[in-house]
Amino acid sequence: MIPVNIPQLNGNEKKYLEECIDTGWISSEGPFVSRFENEFSKYIGQNYGIAVSNGSAALDVAIRALELEKGSEVICPTFTIISPVQSVINEGLVPVLIDSDEETWNMDVNQIESKITSKTKAILVVHIYGLPVDMNPILQLAKKHDLKIIEDAAEMHGQTYNDKKCGAFGDVSIFSFYPNKHITTGEGGMILTSDSILAERCKKLRNLCFEKGRRFVHNEIGWNYRMTNMQAALGVAQLEQIDTTIDRKREIGHLYNQLLKNNADLQLPLAQAEYAENIYWVYGLVAKSEEECARIQRQLGELKIGTRPFFWCMHEQPVFNKMGFFKSESYPVAEKIARNGFYIPSGLGITNEQIEEVAESLIKIVANG
Ligand SMILES: *Cc1c(COP(=O)(O)O)cnc(C)c1O
């Protein structure tokens with residue numbers, strides 16, 4: 001069996017976890033939490049880090065912390081995981097969707113300006129699968145129309161846009177530390193910002209909005225989204241290895257690119273954009289049709305090779321349609337990618353031999369179609 005992802009925990013993870021157990025610091029009060037927040041925010045290039053229980057929680061907090069007026073519009077990609085758009089809707093805001101770029105699979109930045117209205121208050125950027133969104137046009141639009149930038153960098157630990165790290169662009173940015181991300185804490189997430197007031201709001205929202213005065217008297221509702229010391233211990237150890245992680249992810253991507261390059265029936269991930277080299281968070285492929293995509297995944301599965309389909313578009317989510325959102329909207333590029341795309345095993349635990357086995361099997365299956 002070759003699963004889509006196996007994480008690697010072979011640095012100081014065990015040592016730091018033992019420290020948690022030996023000292024008894026296992027809750028969010030333990031010292032690894034602030035250490036992880038400081039080291040990770042510094043690594044990315046924002047002033048403050050607020051560690052939380054997962055990436056989706058980070059989005060909830062980040063978006064509420066901005067205090068946008070209810071009914072405000074937020075520009076979002078349609079091709080994304082549900083988390084960012086769910087948080088927008090939960091806050092009483094209105095997501096306005098953008099189609100994807102055919103090559104990078106990211107939000108097509110050329111389509112944003114025509115969707116900006118007097119109600120637009122933010123652009124929610126989600127970097128997809130390994131290449132960043134083209135940020136310069138977004139920064140210009142944000143400045144011109146006085147919009148906040150919410151940056152979902154959950155798949156981009158260590159990736160740069162030109163020379164600046166992803167996650168350093170948002171008024172608020174978020175990361176996830178789920179086991180398939182470049183840094184994992186099992187479950188975990190972080191909000192980053194350089195605004196001290198926003199940082200304080202995020203800390204408060206993470207911790208049930210406890211007040212500085214009389215404990216257990218609350219003026220606002222928040223969440224318990226705290227990260228444990230044990231999760232943060234893993235995070236500190238994982239961050240120590242980020243450079244080799246990124247190198248290895250790129251190596252995995254290059255190896256697949258090499259092995260699969262002469263295949264006209266598969267669209268490979270774009271290796272390089274003007275502003276970034278792919279880090280292959282996952283190694284995604286787009287087949288010729290929805291049927292081919294399903295057949296390839298099924299036949300790889302029969303060979304015990306794991307795959308996952310691509311994200312499903314937000315405008316086609318039954319739950320959002322039932323709520324009255326995005327009815328009869330259409331985004332043809334994103335629809336095609338969502339239907340025809342899948343990804344193959346590319347986690348840090350994979351060996352080069354396994355990569356060769358996956359590629360060989362894939363080539364055979366595609367040729368027999
Ligand atoms: C993984 C991911 C999330 C959610 O993170 P969780 O920790 O799984 O809640 C959010 N956004 C993007 C783009 C992701 O890839």
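In listed order, ligands and their atoms are each counted from 1. Counting from 1, the numbers follow the sequence of the chain as shown. Predicted model only: the values in this text are computed from it and were never measured.
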Atom pairs, nitrogen or oxygen, ligand 1 to protein, under 3.5 angstrom:
from: ligand 1; atom 1: 5 (O); to: Ser176; atom 2: OG; distance (Å): 3.2
from: ligand 1; atom 1: 7 (O); to: Gly55; atom 2: N; distance (Å): 2.7
from: ligand 1; atom 1: 7 (O); to: Ser176; atom 2: OG; distance (Å): 2.7
from: ligand 1; atom 1: 9 (O); to: Gly55; atom 2: N; distance (Å): 3.4
from: ligand 1; atom 1: 9 (O); to: Ser56; atom 2: N; distance (Å): 2.8
from: ligand 1; atom 1: 9 (O); to: Ser56; atom 2: OG; distance (Å): 2.6
from: ligand 1; atom 1: 11 (N); to: Asp152; atom 2: OD1; distance (Å): 3.3
from: ligand 1; atom 1: 11 (N); to: Asp152; atom 2: OD2; distance (Å): 2.7
from: ligand 1; atom 1: 15 (O); to: Glu155; atom 2: OE2; distance (Å): 2.6
from: ligand 1; atom 1: 15 (O); to: Lys181; atom 2: NZ; distance (Å): 2.7

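A salt bridge links Arg64 to Glu91: one of the charged nitrogens lies within less than 4.0 Å of a carboxylate oxygen.
The aromatic rings of Phe216 and Phe210 stand perpendicular to each other, their planes meeting at an angle above 60°, with 30° marking the opposite boundary. Ring geometry, Tyr280 versus His254: the interplanar angle exceeds 60°, so the pair is classed perpendicular (tilted spans 30 to 60°). Ring pair Tyr129/Trp105 is perpendicular by interplanar angle, where above 60° counts as perpendicular and below 30° as parallel. Ring geometry, Phe36 versus Phe177: the interplanar angle falls from 30° to 60°, so the pair is classed tilted. By the 30° and 60° cut-offs, the orientation of the rings of Trp281 relative to Tyr343 is tilted.
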